[in-house]
Engineer: 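Have a look at this one before I ask anything.
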Amino acid sequence: MTESNGVLTVVGIGPGHDDHVTPAALRAIQTADVVVGYSTYIKLVEHLLDGKTVIRTGMTEEIARAKAAVEEARTQRVALISSGDAGVYGTASLVFQVLRDGGWKAGDLPSIEIVPGMTALNSTASLVGAPLGHDFAAISLSDLLTPWPVIARRIEAAAGADFVIGLYNPASGRRTRQIVEAQEIISRHRGADTPVALVKSAYRKRQQVVVSTLGELLNHEIGMLTTVLVGSSQTYLFEGYMVTPRGYDNKYTPQGVAKPGQTPGRSLVLKHEGSFGDKSHQKV
Ligand code: SAH
């Protein structure tokens, strides 16, 4: 193998289908001697693991997993895999916690590489239309590591500021109260007819996509493989799709003319004339 040892690559594998594993993530897995991950994610890439040492662990063993990955990576090439993006509620930050606790310094082995992946917000949004067309906030409803009052304050703030809200970890077998409270908080700021999407297991075998409303949200099945997307006051339904406009609708006619009382924006292309589109500035 030409690649050097002593490398820990933290890899996001996307929502769960090969089509959404990036070439960089694939390469990181293929060139690894050891692959470490939660057993469900290991299963998703099982066909890539021939001849490799595989360390699969349960869901609650996250810190042990990160520690094992760091330990093994002192002498070998290790890929630590997460679903979606490894930096979004994933193992990347745990790796740094383990390194910090162990007194690791820049330049020490293992060296660290992080390979981005498609997070659940992107994959689930793509299945329902264009719900993230304007500002959005991601909030995890898991209060295992974050006190509920902190989470509730963030939901309140995001709802009050009219963000589209993506709720990760909305519920699990035992954790069912949080989504009820979240719905209640958001409903103080938004109408019952606000579009909502519930996407379970995006791009996996048991994928389920439901487009509903804030008022009806709790009448649907919500579990630990679901991401809930709550529209802003601007989000609308169109032929079964959930769409959040960029905002132009309020300001411009469909022909691009500013509506009465609106000041047209200045074109960036004009402002950057001489650099945008000017071939003399392009690297060949
Ligand atoms: N690192 C992951 C998030 C891990 S937290 C990422 O970037 O996507 C786990 C939560 O992510 C789940 O409770 C669910 O809300 C969401 N999630 C992850 N994969 C998903 C998928 N394929 N479909 C729907 N939601 C998903």
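All values reported here derive from a predicted model rather than from experimental measurement.
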Engineer: Can a donor-acceptor pair be found between the side chains of His220 and Ser212 at a distance below 3.5 Å?
Structural biologist: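 His220 vs Ser212: donor-acceptor pair found between side chains.
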
Engineer: Would you tell me whether Tyr203 and Ser126 have side-chain atoms, one donor and one acceptor, within less than 3.5 Å of each other?
Structural biologist: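 Yes, side-chain donor-acceptor contact under 3.5 Å.
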
Engineer: Under 3.5 Å, is there a donor-acceptor pair between the Thr244 and Ser232 side chains?
Structural biologist: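 No, no side-chain donor-acceptor contact under 3.5 Å.
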
Engineer: Is there a side-chain contact between Val35 and Val11 in this structure, where contact means two heavy atoms from C-beta onward sitting under 4.5 Å apart?
Structural biologist: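 When only atoms from C-beta onward are counted, Val11 and Val35 do not touch, as no gap falls below 4.5 Å.
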
Engineer: Does the side chain of Leu217 reach to within under 4.5 Å of the side chain of Ile179, using non-hydrogen atoms?
Structural biologist: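 Yes, side chains in contact.
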
Engineer: Under 3.5 Å, side chain of Trp104 to main-chain N/O of Val98, donor-acceptor pair present?
Structural biologist: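 Side chain of Trp104 to backbone of Val98, a donor-acceptor pair under 3.5 Å: no, none is there.
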
Engineer: Within the distance-only criterion (no hydrogens, no angle test), does the side chain of Gln178 pair as donor or acceptor with the backbone N or O of Ala171 below 3.5 angstrom?
Structural biologist: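 No, the answer is negative, given that no donor and acceptor are paired below the 3.5 Å cut-off.
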
Engineer: Rounded to the nearest 0.5 Å, how far apart are CD1 of Ile81 and CZ of Arg56?
Structural biologist: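 The distance works out to 9.5 Å.
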
Engineer: Is there side-chain contact between Gln97 and Arg100, with heavy atoms separated by less than 4.5 Å?
Structural biologist: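 The answer is no; the side chains never approach within 4.5 Å.
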
Engineer: Could you check whether any side-chain heavy atom of Leu229 comes within less than 4.5 Å of a side-chain heavy atom of Phe136, counting everything from C-beta outward?
Structural biologist: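 Heavy-atom side-chain distance check fails, nothing below 4.5 Å.
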
Engineer: Using the rule given for side chain to side chain contact (heavy atoms under 4.5 Å, CB included), can you reason through Arg175 versus Asp143, listing the C-alpha separation, both sets of side-chain angles and the distance that settles it, and then say yes or no?
Structural biologist: CA-CA 9 Å; Arg175 235 173 16 80; Asp143 58 357; 3.5 Å; yes

Engineer: Just by modelled atom types, is the Glu156 backbone N or O under 3.5 Å from a matching donor or acceptor in the Arg188 side chain?
Structural biologist: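 Not a single qualifying donor-acceptor pair exists.
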
Engineer: Side chain to side chain contact (heavy atoms under 4.5 Å, CB included) with Val228: which of Ile139, Leu167, Leu141?
Structural biologist: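 One option only clears the test, and that one is Leu167.
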
Engineer: Applying the 4.5 Å side-chain criterion to the ILVMFWY set and letting contacts propagate, would Ile165 and Ile222 be lumped into a single cluster?
Structural biologist: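 As far as the 4.5 Å side-chain criterion goes, Ile222 and Ile165 are connected within one cluster.
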
Engineer: Evaluate the side-chain proximity of Leu94 to Ile63: yes if any heavy-atom separation is below 4.5 Å, no if none is.
Structural biologist: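 Side chain of Ile63 against side chain of Leu94, heavy atoms only: contact under 4.5 Å found.
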
Engineer: Answer yes or no: is there a side-chain heavy-atom contact under 4.5 Å between Asn5 and Thr75?
Structural biologist: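 Side chain of Asn5 against side chain of Thr75, heavy atoms only: no contact under 4.5 Å found.
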
Engineer: What pair of heavy atoms forms the shortest contact from Ala28 to Val115, and how long is it?
Structural biologist: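 Minimum heavy-atom contact is CB-CG2, 4.4 Å.
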
Engineer: Is there a donor-acceptor contact under 3.5 Å from the side chain of Lys52 to the main chain of Ala32?
Structural biologist: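 Checking the backbone N and O of Ala32 against the side chain of Lys52, a donor-acceptor pair under 3.5 Å is found.
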
Engineer: Of Leu99, Val34, Val70, which meets side chain to side chain contact (heavy atoms under 4.5 Å, CB included) against Leu8?
Structural biologist: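 The option that passes is Val70.
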
Engineer: Is it true that Tyr38 and Tyr41 have ring centroids separated by less than 6.0 Å?
Structural biologist: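 Yes: the rings meet the under 6.0 Å criterion.
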
Engineer: Hey, any chance Val210 and Leu225 share a hydrophobic cluster, counting ILVMFWY side chains that come within less than 4.5 Å of each other, even indirectly?
Structural biologist: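 Each belongs to a different hydrophobic cluster.
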
Engineer: Using 4.0 Å as the upper bound for N to carboxylate O, is an ion pair formed by Asp162 and Arg190?
Structural biologist: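 A salt bridge links Arg190 with Asp162.
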
Engineer: If every non-hydrogen atom of Gly87 is compared with every non-hydrogen atom of Ala92, which pair is closest and at what distance?
Structural biologist: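 Between these two residues, the closest heavy atoms are CA-CB, 3.9 Å.
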
Engineer: Any chance you could measure Thr194, atom OG1, to Met242, atom CE, to the nearest 0.5 Å?
Structural biologist: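 That separation rounds to 9.0 Å.
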
Engineer: Could you go through the side chain to side chain donor-acceptor pair (under 3.5 Å) check for Thr119 and Tyr168 one step at a time?
Structural biologist: CA-CA 10 Å; Thr119 189; Tyr168 285 73; 2.6 Å; yes

Engineer: Return yes if some donor-acceptor pair links the side-chain N/O of Arg204 with the main-chain N/O of Pro15 below 3.5 Å, else return no.
Structural biologist: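 Yes; judged by distance alone, with no hydrogens or angles, the pair exists.
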
Engineer: Could you tell me whether the side chain of Thr91 reaches within less than 4.5 Å of the side chain of Val36, counting heavy atoms only?
Structural biologist: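 The answer is no; the side chains never approach within 4.5 Å.
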
Engineer: Among the clusters formed by ILVMFWY side chains lying less than 4.5 Å apart, do Ile155 and Leu218 turn up in the same one?
Structural biologist: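 Ile155 clusters together with Leu218.
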
Engineer: Should Lys200 and Glu221 count as side-chain neighbours, where that means a heavy-atom distance under 4.5 Å?
Structural biologist: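 A side-chain contact exists here, since the closest heavy-atom pair is under 4.5 Å.
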
Engineer: Could Lys67 and Glu71 be called an ion pair, given the rule that one side-chain N must be under 4.0 Å from one carboxylate O?
Structural biologist: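 No.
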
